[in-house]
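To keep things clear, I will list the structure first and then write my remarks on it.
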2 protein chains.
Amino acid sequence: MKPENRKQEIVKAASILFKEKGYSAVTMRDLAKAMGIKAASLYNHIQSKQEILSTIIIDLAEEFTEGMNKISESDQKTIQKIENIIELHIDVTLRNADGLASLNNDWMHLEEDNLQYFEKMRYDYENNFRKIVQKGTEDKEIKSFNIEIIVFSTLSTLRTLYLWYPKQKDIDADILKKDMISVLLSGIV
Amino acid sequence: MKPENRKQEIVKAASILFKEKGYSAVTMRDLAKAMGIKAASLYNHIQSKQEILSTIIIDLAEEFTEGMNKISESDQKTIQKIENIIELHIDVTLRNADGLASLNNDWMHLEEDNLQYFEKMRYDYENNFRKIVQKGTEDKEIKSFNIEIIVFSTLSTLRTLYLWYPKQKDIDADILKKDMISVLLSGIV
DNA sequence: AAACAAAACTAACGATTGTTAGTTTCAATC
DNA sequence: GATTGAAACTAACAATCGTTAGTTTTGTTT
């Protein structure tokens with residue numbers, strides 16, 4: 001077992017605990033118990049509790065940033081771009097629902113450089129989204145509501161997927177994508 | 001200054017700190033500093049840190065429960081009921097955005113009876129919402145998507161309002177209600 | 001079987017946590 | 001001006017926190 005594998009196991013176990021109680025409420029002894037070892041042994045594989053958090057969050061944030069940049073730079077129509085954003089969120093959620101809890105709720109416990117790095121990525125992400133919606137309204141592809149409301153309502157649904165999707169056992173990923181796109185784009189009435 | 005007033009001030013200051021860092025990461029010394037007093041002095045007005053959290057959360061949860069029960073028992077049409085739910089969330093958000101952070105993110109740190117009480121209220125709330133949507137699809141008022149997706153996507157937007165609305169300076173409450181209802185019900189396309 | 005490295009362990013540290021006990025300050029009431 | 005009660009204070013507690021140092025176990029390679 002390579003050390004990197006063991007670190008990944010620790011990060012994964014930490015993701016689950018952080019999801020349940022939040023970063024601050026999870027102790028290194030809690031995490032060690034979940035791994036079946038003692039707290040001090042964790043430090044053979046990681047440098048600090050903080051390193052675990054930043055690994056979880058920064059990796060995910062970079063994944064979203066890359067995905068959004070590709071979509072943003074493409075020459076698709078607005079509606080297609082928004083559909084791609086929805087799919088991006090669903091894909092990431094399916095792959096790492098636990099980690100998304102930290103991304104959403106524990107980012108403020110990042111320290112120094114990583115906090116700034118995260119906040120810049122989040123700002124850029126939201127701004128890219130905003131620009132896409134802006135162009136969509138100009139091209140009459142999207143109704144001319146307050147842009148912030150559209151961005152916020154869409155994004156908050158996508159960001160909260162991690163809480164909800166793991167509980168749905170009988171929904172196929174492709175059906176979820178289709179229905180989610182319909183609900184978010186065309187409404188429910 | 002009546003003791004009840006002072007307690008309310010403490011709860012309000014705690015709501016702001018809990019919103020910024022979460023319940024577990026806020027110490028009684030942090031809270032005392034925000035109040036301009038020493039940590040031990042807080043205990044002249046409150047019984048424990050836990051009491052502050054349960055005051056914040058249970059009060060809000062009961063407010064939502066009462067609102068939902070009224071809407072649920074009314075004889076309005078489905079669409080009107082959903083509009084009323086949207087208004088309920090906006091009203092509560094305007095009145096106590098800070099406390100909603102704890103309701104959303106720190107409920108798991110409630111102890112014993114209050115945790116069970118909260119979880120029952122949350123379950124009933126979601127179930128009432130689900131029944132309303134269910135009836136709406138049967139009456140053809142609402143498109144027949146997967147009901148869980150509709151409930152989830154609507155509720156996650158409404159629950160996250162507290163994060164977003166305080167940042168919007170120039171949106172009037174009535175305009176917000178109208179646009180939010182349009183976006184959630186009719187979609188953006 | 002000897003040697004070695006990875007990964008576990010025990011024990012402990014200094015700092016911080018929520019909270020309590022006992023005391024002082026201060027404004028209102030008599 | 002003496003009394004009183006609310007609300008602040010100082011000092012300290014036992015428990016727990018993240019982390020470190022030093023040691024032992026384990027499994028693989030020679």
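Here is how names work: the chains are called A, B, and so on, in the same order as the sequence lines, proteins then strands, and each is numbered from 1. A quick note: this is a predicted structure, and the numbers were derived from the prediction, not measured.
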- Query: NZ of B:K21 versus P of C:dT16: gap in Å, rounded?
  - Reply: 12 Å

- Query: With B:K135, which residues qualify under side chain to side chain donor-acceptor pair (under 3.5 Å), at least two apart?
  - Reply: B:D139

- Note on the structure: Separation of D:dA7 atom C1' from B:M35 atom CE, nearest Å, is 11 Å

- Where at least one partner belongs to residues 20-30 of chain A, residue pairs that pass salt bridge (charged side-chain N to carboxylate O under 4.0 Å, His left out), sequence neighbours excluded: A:K21-A:D30

- Side chain of A:K38 (C-beta onward), nearest among C:dT10, D:dC9, D:dA7: C:dT10

- What about B:N44: does its side chain form a donor-acceptor pair under 3.5 Å with the base of D:dA8? yes

- Output yes when at least one side-chain N/O atom of B:S41 is less than 4.0 Å from OP1 or OP2 of D:dC9, else no. yes

- Query: Between atom CD1 in A:I52 and atom C1' in D:dC17, what is the gap in whole Å?
  - Reply: 14 Å

- Item | Integer-rounded Å distance: C:dA7 P and A:I10 CD1 | 10 Å

- Item | Those residues that, when tested against A:D172, pass side-chain contact (heavy atoms from CB on, under 4.5 Å) (two or more places apart) | A:D174, A:I175

- How long is the line joining NZ of B:K33 and C1' of C:dT16, in whole Å? 14 Å

If you restrict it to nitrogen or oxygen atoms, what contacts under 3.5 Å exist between nucleotides 17-20 of chain C and the protein, and what is each distance?
| residue | atom | partner | partner atom | Å |
| --- | --- | --- | --- | --- |
| C:dG18 | OP1 | B:V26 | O | 3.3 |
| C:dG18 | OP1 | B:K49 | NZ | 3.0 |
| C:dG18 | OP2 | B:M28 | N | 2.9 |
| C:dG18 | N7 | B:R29 | NH1 | 3.0 |
| C:dG18 | O6 | B:R29 | NH2 | 3.1 |
| C:dT19 | OP2 | B:Y43 | OH | 2.5 |
| C:dT19 | OP2 | B:K49 | N | 2.9 |
| C:dT19 | O5' | B:Y43 | OH | 3.2 |

- In the single-linkage hydrophobic clustering (I, L, V, M, F, W, Y; side-chain heavy atoms under 4.5 Å), do A:L163 and A:L17 co-cluster? yes

- Whole Å only: how far is the CG atom of A:L53 from the P atom of D:dG18? 13 Å

- Would you list the pairs meeting ring pair (Phe, Tyr, Trp, His ring centres under 6.0 Å) in which at least one residue belongs to residues 90-119 of chain B, sequence neighbours left out? B:Y23-B:H109, B:W107-B:F118

- Sidechain-backbone polar pair: A:S186 side chain, A:V183 backbone, donor-acceptor under 3.5 Å: no

- Task: May I ask you to verify if any side-chain N or O of B:H45 is less than 4.0 angstrom from the OP1 or OP2 atom of D:dA8?
- Result: yes

- Item | Any residue meeting salt bridge (Lys or Arg N to Asp or Glu O under 4.0 Å) with B:E138, in chain and number order, not counting sequence neighbours | none

- Take the protein atom CZ of A:R6 and the nucleotide atom C1' of C:dA6, then report the distance between them rounded to whole Å. 11 Å

